Amino acid sequence: MSAAAQAGALAGIRVIELGQLIAGPFCGQLLGDMGAEVIKVEAPGQGDPMRNWGRGEAKLWWEVVSRNKKSVSANLRVPAGQEIVRKLVAQADILIENFKPGTLERWNLDPQTLMEINPRLIVVRVSGYGQTGPYSGRAGFGGIGEAMGGWRHVVGEPDRPASRMGISIGDSLAATYGCMGALAALHARERTGRGQIVDSALYEAVLQVMESLVPEYVVSGYVRERSGSTLPGIAPSNVYRCKDGDYLIGANQDAVFARLCAAMSRPELASDPRYVDHVARGRHQMELDGLIEAWTSQHSIAEVAALMIAHSVPSGKIYRAPEMLEDPHFAAREALISVDHPQWGKLTMQNCFPKLSDTPSSVRTPAPATIGQDNAGVYGALLGLDDEEMKALAGQGVI
């Protein structure tokens, strides 16, 4: 593979990341994984709060979301710091920000000004409610977007309050759509020569994955509700108890259900009027789930899994980190990688995704250990600032 291919699909693209926490930085991570040079701007002495996020004794979320990035420091609340960003923008392709709408404008860094400096600039703006509309000025976090976009109402048990996933899915979705928009804008720039603004709202990112939730209500008045581990009317598709834990089986298609019945040594169930087709199984969902669990509970996960594989029934264990680390399929596809790290030695994390055959993404550098660790390289080599100028800026609290 050539050196150009190894550098990634976005080699030669420079990204300035002004965001913090999750939605902006995850967009930067995705672009950086694909080969872009990502220069993250952090507040001097404070840095991105993500540096201290995570669970367990070690806070390691930063190590994933800031891999493949350089860190520079700049106080965006003062004119000298804003001027640094304008100089960076002049030599950049993409700028990412996820501040409350109006913040960039208040800092004299509004997209119109930046695109006058660099007409080819693509500005990715991630916010709770988008850059327009009556709610645009409101503060918005991922959970609020999940609630407004319809996600929270359908997650959890029906007899309990609306729940959440164990991850910040709203932020990650908005970041992913922001990245998608940036890639589309890069392609459009090839035709037009101009950059543009990508407006990614948290609630709309969530809304995009809500399937037919809205038209179901408009056409038939049906309001989706929480249904726990099942989808109403889609059966069998659930988590079933085995002797040594839980196991997921999805056999709601007619032919697949017949194969499940054969695996259970109950082939007659496939022609039973209660379960003979998709509609009938949906009507008798709870009854069917109980029947299947009565069978799985007599077997270990390994025994059920072997039968499901032998009969081509989609199924799988409920994975945690320990299962991922032990699984041969994760290993064969290099879904997890070990990154050389100055503090942790070999730090295992998820690999880049999706996989490209000719210009694969990669983790080239670990997350920046300190705030502004790349000031000399970026401000010196890229902007042409000398040591005295950088010392003066540091003394003024600008960098």
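Values in this document were obtained by computation on a predicted structure and should not be read as measured data.
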Against Gln29, only a single residue in Val65, Val38, Ile22 fulfils side-chain contact (heavy atoms from CB on, under 4.5 Å); can you say which?
Val65

Testing the basics here: between Ala294 and Ser297, what is the closest heavy-atom pair and its distance to 0.1 Å?
O-OG, 3.1 Å

State which residues pass salt bridge (Lys or Arg N to Asp or Glu O under 4.0 Å) with Arg241; sequence neighbours excluded, sorted by chain then number.
Glu293

Should the pair Arg226-Glu157 be classified as a salt bridge under the 4.0 Å nitrogen-to-oxygen rule?
no

Is the closest basic N to carboxylate O distance between Lys69 and Glu17 below 4.0 Å?
yes

Backbone N/O of Pro111 and side chain of Glu116: donor-acceptor pair under 3.5 Å:
no

What do the steps show when you test Ile117 against Lys87 for side chain to side chain contact (heavy atoms under 4.5 Å, CB included), and what is the final call?
CA-CA 9 Å; Ile117 297 170; Lys87 289 179 178 178; over 6 Å; no

Does Lys100 pair with Glu105 as a salt bridge, N-O distance under 4.0 Å?
no

Polar side chain donor-acceptor pair, Thr230 to Asp289, under 3.5 angstrom:
no

What's the verdict on salt bridge (charged side-chain N to carboxylate O under 4.0 Å, His left out) for Glu37 and Lys70, showing C-alpha distance, side-chain angles and the deciding distance?
CA-CA 8 Å; Glu37 176 192 14; Lys70 300 174 181 177; 2.8 Å; yes

Do Met180 and Ile169 belong together in a cluster built from hydrophobic side chains that touch within less than 4.5 Å?
yes

Please set out all donor-acceptor pairs under 3.5 angstrom arising from side-chain atoms of residues 385-399, sequence neighbours excluded.
unit_1: Asp386; atom_1: OD1; unit_2: Glu388; atom_2: N; d: 3.2
unit_1: Asp386; atom_1: OD1; unit_2: Glu389; atom_2: N; d: 2.8
unit_1: Glu389; atom_1: OE1; unit_2: Asp386; atom_2: N; d: 2.9

Checking Glu268 now: which residues fulfil salt bridge (Lys or Arg N to Asp or Glu O under 4.0 Å) with it, not counting sequence neighbours?
Arg266

Any side-chain hydrogen bond (donor to acceptor under 3.5 Å, both in side chains) involving residues 271-281? Give me the pairs, sequence neighbours left out, ordered by first then second residue.
Asp254-Arg281, Asp272-Arg274, Arg274-Glu287, Tyr275-Glu287

Would you indicate whether the side-chain heavy atoms of Val198 and Ile122 approach each other to under 4.5 Å?
yes

Between atom CG of Asp246 and atom CD1 of Ile301, what is the distance when rounded to the nearest 0.5 Å?
7.0 Å

Trp295 and Tyr240: aromatic ring centres closer than 6.0 Å?
no

Short question: side chain of Arg364, backbone of Gly32 - any donor-acceptor pair under 3.5 Å?
yes

Pairwise distance OG(Ser73) to CG(Asn375) - rounded to 0.5 angstrom
3.5 Å

Write down the atom of Pro368, the atom of Trp62, and the distance for their closest heavy-atom approach.
O-NE1, 3.0 Å

Would the Tyr135 and Tyr203 ring centres measure less than 6.0 Å apart?
no

List the residues meeting salt bridge (Lys or Arg N to Asp or Glu O under 4.0 Å) with Arg67, not counting sequence neighbours, and say none if there are none.
Asp33

How many angstroms lie between CZ in Arg51 and OG in Ser66, if you round to the nearest 0.5 Å?
7.0 Å

With distance as the sole test, does Glu211 use its side chain to make a donor-acceptor pair with the main-chain N or O of Leu213 at under 3.5 Å?
no

Pairs satisfying salt bridge (Lys or Arg N to Asp or Glu O under 4.0 Å), at least one member in residues 336-354, at least two apart:
Asp340-Lys346

Does Glu303 offer a backbone N or O that forms a donor-acceptor pair with the side chain of Ser300 under 3.5 Å?
yes

